[in-house]
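Computed from heavy atoms alone, side chains included, the values below leave out hydrogens, waters and symmetry copies. Chain letters run A, B, ... following the sequence lines, proteins first and then strands; every chain starts at 1.
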Amino acid sequence: MSGLDTLLQVRELRTVIESPLGAVRAVDSVSFDIRAGETFALVGESGCGKSLTALSLLRLLPDAARIDAGQVLLDGEDVLSLPEWRMREVRGARMAIVFQEPGTSLNPVLTVADQLIEVLQRHGAANGDPLGHARALLEQVGIPDAQRRLHEYPFQLSGGMKQRVMIAMALAAAPALLVADEPTTALDVTIQSQVLELLRRLQLERGMALLLITHDLAVVSEMAQQVAVMYAGQIVELAPRARFFSAPAHPYSQRLFAALPGGGEGRGRPLATIPGSVPALAQPFRGCRFAERCDRVRDVCRVRVPELIDVGDATRVRCHLYAPGQVPAAQPPTDAAAASVPADAPAGAARDEALLEVQGLRVHFPIRRGLFKRVVGHVRAVDEIDLRIASHRTLALVGESGCGKSTVGRGILQLLRPDGGRVLFQGEDLAAMPTGQLRTRRRHIQIIFQDPYASLNPRMRVRDLIAEGIDALEVVAEQTQCDPRIDAILAQVGLDAGMKWRYPHEFSGGQRQRIAIARALAVDPRLIVCDEPTSALDVSVQAQILNLLKELQSRLGLAYLFITHNIAVVEYLAHDVAVMYLGRIVERGRVEDVLGGPAHPYTQALLSAVPTLDPARRTQIIRLQGELPSPVNPPAGCHFHPRCPAASERCRIEYPQARTLPDGQVVHCHLYP
Amino acid sequence: MPFKPVILWTDALIFLLVAAIAALAWTVRRDEHLRAPWAKVARSRSGMCALVVLTAFVVTGLLDSLHYRPRLEGTGGAVNYGAEVRSAFDALADGLRTRTERTYSAPLATHAFSRESIERAHGTQAREYPRLRHGGAHLEDPHGERWPDVGRKTLAGAGLALALWTVLAMLLAALLAMRHREGIDGALSDLVHGCTEVPWRAMLLTAGALLAVAGPVWVLAGSYHVLGTDKVGQDILYQTLKSIRTGLVIGTLTTLVMLPFAVILGLMAGYFRGWIDDLVQYVYTTLSSIPGVLLIASAVLLTQVWMDNRPELFETVSERADVRLLFLCLILGITGWTGLCRLLRGEALKLREADYVQAARAFGVRDARILTRHLLPNVMHIVLIAAVMDFSGLVLAEAVLSYIGVGVDPSMISFGTMINNARLELAREPMVWWSLAAAFLFMFVLVLAANLFSDAVRDAFDPRMRSSWALPAALRPAQRLRAGSA
């Protein structure tokens with residue numbers, strides 16, 4: 001492993017967090033090597049210790065945490081033993097870091113140039129012309145019009161730009177190693193592909209090593225040469241990329257792959273899930289940390305701690321299955337949950353009768369200025385959109401952040417009263433209905449939110465949370481029927497009836513999302529608006545929630561409006577899909593048609609930017625120019641024309657009307673007659 | 001009946017407040033969710049020590065709030081009650097109240113502070129320091145005997161304090177032993193080693209320090225003026241102790257007046273937006289742009305004129321003074337709600353967009369119910385922190401207002417009136433310093449204790465103060481570590 005070109009060697013690193021419950025070993029005996037110019041990916045679910053590992057390398061730990069043991073050798077020099085003033089020389093100059101959230105990593109009151117020059121001067125890299133140097137850096141990270149951007153403040157930049165500036169700052173002193181901690185998690189797919197492309201290019205140009213920390217296996221597959229999987233503070237598998245993606249060795253890695261939707265196996269099968277949750281790290285472990293959740297657990301796993309075992313191909317696995325004398329079995333994980341989830345509802349059965357029909361929905365937010373709050377313009381969050389959902393079916397609404405897809409959901413639920421258009425639910429127009437009458441229709445449409453931590457009132461017990469809708473909508477005739485109903489619904493979402501006396505904070509993220517689903521189900525809705533219900537959850541938990549949603553649909557005949565940016569989830573769950581861009585729908589149709597043969601140039605670009613696990617499915621990424629324009633004054637003509645590779649003169653003048661393609665897709669584009 | 005109970009307006013409100021706090025404590029005890037932050041307060045050492053000191057002040061104040069009029073002696077068949085309203089505290093400290101001198105005397109003095117012309121037996125006049133009527137009156141030779149006597153009495157007081165403290169410690173140990181079902185030895189050793197969850201040892205030590213001061217003062221006060229006397233010869237110690245009630249009334253009742261305005265208007269403005277928001281914002285912006293002292297002064301003067309024109313409404317001087325105190329609380333409350341209201345409006349603006357409020361609206365839950373079930377419980381920590389933090393500020397505000405003459409009635413003893421009187425005393429030569437020093441010392445201790453306690457409350461209730469590592473097993477993905485600040 002250790003050649004001459006090894007840049008960073010981490011040896012038995014252990015980081016401890018002091019907490020009232022005792023010392024938490026968040027990083028436990030982690031060892032790995034990074035060679036110069038290599039991309040090393042550290043993968044794991046939230047709370048597994050990957051970010052803390054990165055922070056430990058740079059000694060940027062929060063106050064409660066400290067490095068307990070181990071060595072971090074950078075070019076053979078142990079950075080953990082350096083005094084702080086020497087460490088400051090190392091940070092930035094030899095190791096630099098880019099954080100997840102570009103919005104909070106830049107100082108909002110300093111211009112881009114100020115912040116870049118500060119770094120340059122700190123590391124003595126600003127010889128002669130610091131401003132010119134800063135501009136060169138911005139040009140390197142692909143910021144157009146760098147001269148002007150230099151003197152702008154962070155709030156004038158978009159998220160993708162800010163992340164580029166962060167990368168420029170990290171590169172200012174030409175570090176040998178760049179640590180990127182979830183660098184694209186907060187960004188949209190199209191921007192993510194740009195930033196990943198940028199990192200790849202810079203790495204190639206500078207021969208810089210990259211430690212990429214991410215939870216997204218698809219990003220790893222596109223970027224990394226070496227992969228390390230972390231679980232509960234330890235590295236459980238270390239492998240070269242090709243080997244890891246073709247034959248993951250550790251049972252945890254195998255389950256992670258199986259839990260990913262859109263793995264190619266198709267929609268009929270339920271996703272594999274990982275039962276249980278990550279164990280508390282404050283306890284001493286006597287056996288394998290994954291034993292409680294492993295489907296191939298044996299007696300030895302509970303009594304002896306496994307070591308990292310070399311299994312050839314430069315791969316090491318922390319699992320007793322690969323101990324000498326064992327037959328290394330790389331069988332695919334058995335699917336225990338297969339029987340419990342029935343196959344798709346028969347497509348087309350209820351296709352004709354629309355449960356919900358949205359016609360010309362418009363939600364505009366007025367912008368007020370001045371002393372008398374005069375309206376000076378509108379944010380056209382949702383502009384004339386049409387949708388149609390039949391019962392038993394799922395319509396996915398796809399788009400990047402800021403395109404107005406969440407506003408559509410709130411407009412349908414009448415949480416925001418639309419400024420125009422009709423929302424027909426079973427033929428009745430909800431948008432025109434007075435509040436009192438609307439109250440009686442409320443029970444037919446419900447909503448599930450993205451963040452299960454924010455959507456449950458922390459001061460209410462689970463029972464009261466679920467009873468709230470039942471009480472408000474008078475679903476049951478008598479109070480005595482309320483509790484049996486709550487018990488039944490909790491059972492339906494896979495929770496124990498005894499849990500209803502607890503408070504939300506006692507539950508994990510996945511359990512909370514189940515409670516949120518139970519709350520929506522309590523009033524017998526016909527349609528549920530799911531507003532990114534899985535994007536705050538880890539892959540294994542996401543699989544559980546997707547399975548549950550699918551099962552409920554086939555059992556109760558629910559219709560879903562599934563709002564998401566995750567194409568893989570759409571592929572797995574949806575029957576129909578509508579793609580939104582800047583407040584309008586640009587394309588809609590059956591999921592296999594739209595994802596299989598996207599017609600609109602935006603859909604094509606969006607789909608090509610989605611990172612995939614399978615190199616065979618990887619196509620040429622269509623690079624979009626610029627950023628999403630502001631919905632305050634959208635471009636004239638087709639909203640997409642400034643970024644469209646196929647834009648013509650007509651696109652600049654006239655907004656394209658809906659055109660129906662032979663296979664039923666509806667597309668708003670002048671390319672089609 | 002030897003006395004006639006009198007319930008003044010502020011008394012009624014104070015006991016209402018005590019009842020409300022008791023009821024609140026009862027609900028909090030039963031709900032583990034509400035109990036958790038209070039348990040954290042109970043674990044804070046400085047907070048609990050401050051609470052011990054505060055308790056001493058509150059007990060004094062409550063005793064001073066049990067008012068009555070004593071029955072007059074020897075008026076034949078008709079039952080008459082005195083015109084003076086006294087309190088249970090007055091009855092306890094009767095000696096302090098009645099043993100007045102003619103004018104100023106220094107702490108622990110035996111002679112008056114200034115010379116007086118005294119007519120000798122043989123017709124000549126002399127100017128000398130006369131003996132005090134009560135201060136050290138039992139001494140034959142004040143010059144030689146005074147300090148040994150003071151020393152003796154201090155020791156006696158200290159002994160008394162020690163005895164009381166031991167009894168207190170034993171009682172506490174017995175109580176702890178009962179609660180934890182262990183022997184009294186175990187409880188005592190826990191207490192001594194300070195290994196109890198609630199910092200009982202620190203609290204006991206604080207109580208010991210308080211007793212160590214109070215014991216000697218109690219014994220000495222029987223025959224000396226421990227803190228001297230004022231211009232009309234009234235005991236300063238008595239005055240400072242009486243001032244406590246005034247301070248507490250202002251500090252608590254004002255908050256009581258302020259809270260409904262701040263909570264109801266703030267939440268409504270933030271939740272409903274639109275014209276309600278505009279109206280509330282208009283009101284509080286206007287109110288907070290009028291100089292507070294001006295508004296208070298005019299309101300107090302108005303009420304005073306009103307009361308002067310209606311003497312028939314008040315049976316006694318105390319009732320009059322009390323109504324004025326109440327009005328002062330009202331006006332302070334009415335001018336003081338804007339800060340908290342603004343804070344709550346902002347919080348409500350944030351919470352109304354919270355997913356759980358949106359979910360409730362999707363169920364068609366009525367607005368009143370959303371306000372009480374979703375918004376109010378989630379801003380209660382702010383209300384509590386504000387109420388506790390405001391207390392000390394209001395005690396100080398009373399002193400300032402009384403100093404400039406728009407505070408409490410001149411006949412009512414308060415820290416402010418004491419400081420106001422001291423203005424002239426400080427200009428005398430030699431200076432009369434003890435009145436100001438006593439008022440300053442008591443007010444300082446009260447406000448310091450209140451501030452320390454409010455710090456503990458804020459630490460426990462403010463979500464920003466809570467460490468995200470409290471539950472390491474359930475690290476939230478949304479709270480991923482960021483080291484941008486490092």
If you count every heavy atom of other residues, nucleotides or ligands that lies below 6.0 Å from [X] atom [atom1], does the total exceed 12?
X	atom1	result
B:Arg366	CZ	no
A:Arg441	CZ	yes
B:Glu197	CD	no
B:Arg29	CZ	no

Side chain to side chain contact (heavy atoms under 4.5 Å, CB included), paired with B:Phe363, selected from A:Arg443, A:Arg442, A:Arg519: A:Arg519

With a 4.5 angstrom heavy-atom cut-off, could you sort out which part of [X] is near chain B: side chain, backbone, both or neither?
X	result
A:Leu413	side chain
A:Asp63	neither
A:Pro525	neither
A:Glu474	neither

How long is the gap from [atom1] on [X] to [atom2] on [Y], to the nearest 0.5 Å?
X	Y	atom1	atom2	result
B:Asp355	A:Ile447	CG	CD1	8.0 Å
B:Arg361	A:Gln414	CZ	CD	10.5 Å
A:Glu468	B:Tyr356	CD	OH	11.5 Å
A:Asn457	B:Arg373	CG	CZ	8.5 Å

Heavy-atom side-chain proximity of B:Gln358 to A:Phe449 below 4.5 angstrom: yes

Within-4.5 Å side-chain heavy-atom neighbours: A:Met460 and B:His374: yes

